[in-house]
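Inspection log for the structure reproduced underneath, given as structure tokens.
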2 protein chains.
Amino acid sequence: MLELRALPTDCAQRRQESVCVGCGARAFSVCSSLDPADLAGLDAIAERVSLKAGEALIREGDPAIHLFNITSGSVRIYKLLPDGRRQITGFLFAGDFVGLATGEDYAFSGEAIEDSTLCRFRKSEYRALVRERPRLEEALLDRATHELAAAQNQMLLLGRKTAQERIASFLLELPSRDPLRPQAEDQVRLPMTRSEIADYLGLTIETVSRVLTKFKTTGVIRLLSLSELRIEEPERLRDIAEGEA
Amino acid sequence: MLELRALPTDCAQRRQESVCVGCGARAFSVCSSLDPADLAGLDAIAERVSLKAGEALIREGDPAIHLFNITSGSVRIYKLLPDGRRQITGFLFAGDFVGLATGEDYAFSGEAIEDSTLCRFRKSEYRALVRERPRLEEALLDRATHELAAAQNQMLLLGRKTAQERIASFLLELPSRDPLRPQAEDQVRLPMTRSEIADYLGLTIETVSRVLTKFKTTGVIRLLSLSELRIEEPERLRDIAEGEA
DNA sequence: CAATTCTTTTGACGCGGATCAAGGCGGTCC
DNA sequence: GGACCGCCTTGATCCGCGTCAAAAGAATTG
């Protein structure tokens with residue numbers, strides 16, 4: 001008797017654990033503001049998605065049906081001009097939300113930079129859930145607010161900073177971004193290519209490369225490999241980033 | 001008897017009308033999603049503020065105590081680098097919300113471009129109200145979402161567009177912004193100076209001026225006065241804005 | 001591990017837009 | 001209404017970064 005009743009409950013809980021409760025990115029995402037009951041609701045509409053490096057999850061102009069929450073890996077979101085010029089508007093990591101800034105259609109494209117896993121939600125179902133969970137809505141507004149502040153910083157960077165200042169700023173903000181891979185102090189992992197860095201900072205690959213070698217030869221950074229570097233003089237890099245050098 | 005009871009009610013209603021119910025910007029702001037009861041709650045914590053052209057309402061770095069809703073006029077928000085370089089991250093008009101993207105301290109400064117009126121709220125009181133009014137929170141999230149999309153467009157502009165493309169884009173988006181002064185088709189009002197336009201587009205005043213005269217001499221626009229112009233060939237301007245010319 | 005290919009680095013050169021410098025054009029204030 | 005003052009326009013020059021080109025590494029494949 002007891003076991004007959006216990007079984008389904010057990011199953012339901014195991015199902016939860018398989019998606020949300022055991023999610024390594026939960027602590028960094030909007031999900032962290034949900035209590036166990038809410039989490040179950042979220043779990044019911046969540047769908048796991050795996051992407052290989054380079055695969056798209058969102059295409060600008062397509063109807064915005066889904067929202068995503070990154071659980072591992074990293075994603076680039078970008079906009080294109082008709083002639084192919086690209087502006088990467090953000091690099092997103094575990095815990096980040098993809099698709100907040102969307103109306104009817106996606107206003108940007110999104111692709112995995114490296115092999116990644118995501119939680120996918122139907123927008124309609126998600127909206128319904130959010131309406132019943134004020135804490136979730138609050139968390140979302142909070143996220144959006146932070147993204148807006150970050151966007152303003154990026155506008156300052158793109159509109160008014162020199163190439164050196166842009167790259168210094170970029171190197172300083174990157175390490176704090178990926179919660180699943182907390183870097184050793186002043187160690188920076190660059191999962192993206194030079195071309196992606198360039199398109200994020202409004203520069204060309206050549207300029208990115210030149211500035212990095214200049215930082216290297218002046219001893220501000222040390223290149224450990226193509227995608228890994230160490231900030232040797234954080235103080236000086238901060239000065240450069242703010243235009244005080 | 002009846003009149004004794006009626007009086008205070010009357011007063012309360014008149015007080016409402018004096019701030020929210022009679023507000024000309026209500027239809028364009030987050031307030032539009034409030035029913036009369038909610039509006040009364042908002043009214044209770046709203047405070048009217050008048051600013052003359054040039055006066056500040058928010059200073060970067062100050063503790064973020066207040067939030068604002070613009071009821072008339074226009075506002076510029078911007079960030080500065082230590083050496084004085086300025087990036088204007090937005091021009092805001094009636095119905096727009098100022099202070100969404102703030103944590104503990106304001107991350108940007110805000111000043112009236114022309115004489116303006118605003119509704120001011122204590123952040124703490126506003127938060128409390130929002131928690132009780134899911135529709136208001138929803139409206140705020142919606143606003144933030146739109147601002148994020150706009151910010152991404154601006155990043156594309158600042159990172160990848162030429163001076164001509166930037167100014168063409170700017171002229172096309174401006175007229176749709178100020179709901180209290182719906183412009184005649186293709187008529188553009190420029191309440192901001194050339195220097196403000198430059199700092200919004202990541203250019204210098206000289207470049208702004210040169211491009212405007214070029215647009216004038218090629219017949220794409222006509223300058224009616226310093227702060228008023230007509231788009232003569234909207235189609236061509238759109239092509240320029242998207243880099244197809 | 002050689003061959004191919006893609007990415008990054010490095011170098012030479014050119015251009016778009018910044019900087020520097022006058023001049024024009026309204027507004028405002030005695 | 002004349003003189004001042006701030007903003008805008010126009011011109012001349014300069015320079016940071018983009019463009020073009022090629023070499024040097026990495027990564028990938030058979």
Name all residues meeting the salt bridge (Lys or Arg N to Asp or Glu O under 4.0 Å) criterion together with [X]; count only those two or more places apart in sequence or in a different chain, and write none if there are none.
X	value
Arg210(A)	none
Glu185(A)	none
Glu165(A)	Arg85(B)
Glu233(A)	Arg236(A)

Filter on ring pair (Phe, Tyr, Trp, His ring centres under 6.0 Å), then keep only pairs touching residues 154-177 of chain B, sequence neighbours left out; what's left?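 Passing the test, one end in residues 154-177 of chain B: Phe170(B)-Tyr200(B).
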
Where does the chain B footprint on DNA chain D start and end, counting 5' to 3' with a 4.0 Å heavy-atom cut-off?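 The contact span of chain B on DNA chain D goes from dC8(D) to dA12(D).
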
Is the backbone N or O of Leu203(B) less than 3.5 Å from a side-chain atom of Arg160(A), with the two atoms forming a donor-acceptor pair by type?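 Here the side-chain-to-backbone pair exists.
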
Sub-3.5 Å donor-acceptor pair from the side chain of Ser116(B) to the main-chain atoms of Ala112(B), do we have one? no

For the helix from dC1(C)-dG30(D) to dC30(C)-dG1(D), measure the angle between the helix axis at one end and the axis at the other, each built from five pairs, rounding to 10°. 50°

Is it true that Phe97(A) and Tyr126(A) have ring centroids separated by less than 6.0 Å? yes

Cut-off 3.5 Å, no hydrogens considered: what does the side-chain donor-acceptor table look like for residues 56-73 of chain B, sequence neighbours left out?
| residue | atom | partner | partner atom | Å |
| --- | --- | --- | --- | --- |
| Thr71(B) | OG1 | Thr117(B) | O | 2.8 |
| Thr71(B) | OG1 | Thr117(B) | OG1 | 2.7 |
| Ser72(B) | OG | Thr117(B) | N | 3.4 |
| Ser72(B) | OG | Thr117(B) | OG1 | 2.7 |

Protein-nucleotides 24-27 of chain C N/O pairs closer than 3.5 Å?
none

Would you kindly check if the NZ (Lys) or CZ (Arg) of Arg86(B) is within the cone defined by 45 degrees around the ring axis of Tyr78(B) and under 6.0 Å from the six-membered ring centre? yes

Within residues 203-225 of chain A, residues whose heavy atoms come under 4.0 Å of DNA chain D: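 Within residues 203-225 of chain A, the residues near DNA chain D are Leu203(A), Thr204(A), Glu206(A), Thr207(A), Arg210(A).
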
For Pro234(B) against Asp186(B), the heavy-atom pair lying closest together: CG-OD2, 3.5 Å

5' precedence on DNA chain D between Met192(B) and Arg160(B) (nearest-nucleotide basis): Met192(B)

Roughly how far apart are Leu212(A) CG and Ile221(A) CD1, rounded to 0.5 Å? 5.0 Å

Taking Asp178(A) first and then Arg189(A), would you say they form a salt bridge - that is, a charged N and a carboxylate O separated by under 4.0 Å?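 A salt bridge is present here (some side-chain N lies under 4.0 Å from a carboxylate O).
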
Return the set of residues passing side chain to side chain contact (heavy atoms under 4.5 Å, CB included) with Glu235(B) (not counting sequence neighbours), or none when no residue passes. Arg238(B), Asp239(B)

With the threshold set at under 4.0 Å for non-hydrogen atoms, list the residues of residues 194-201 of chain A touching DNA chain C in residue-number order. Arg194(A), Ser195(A)

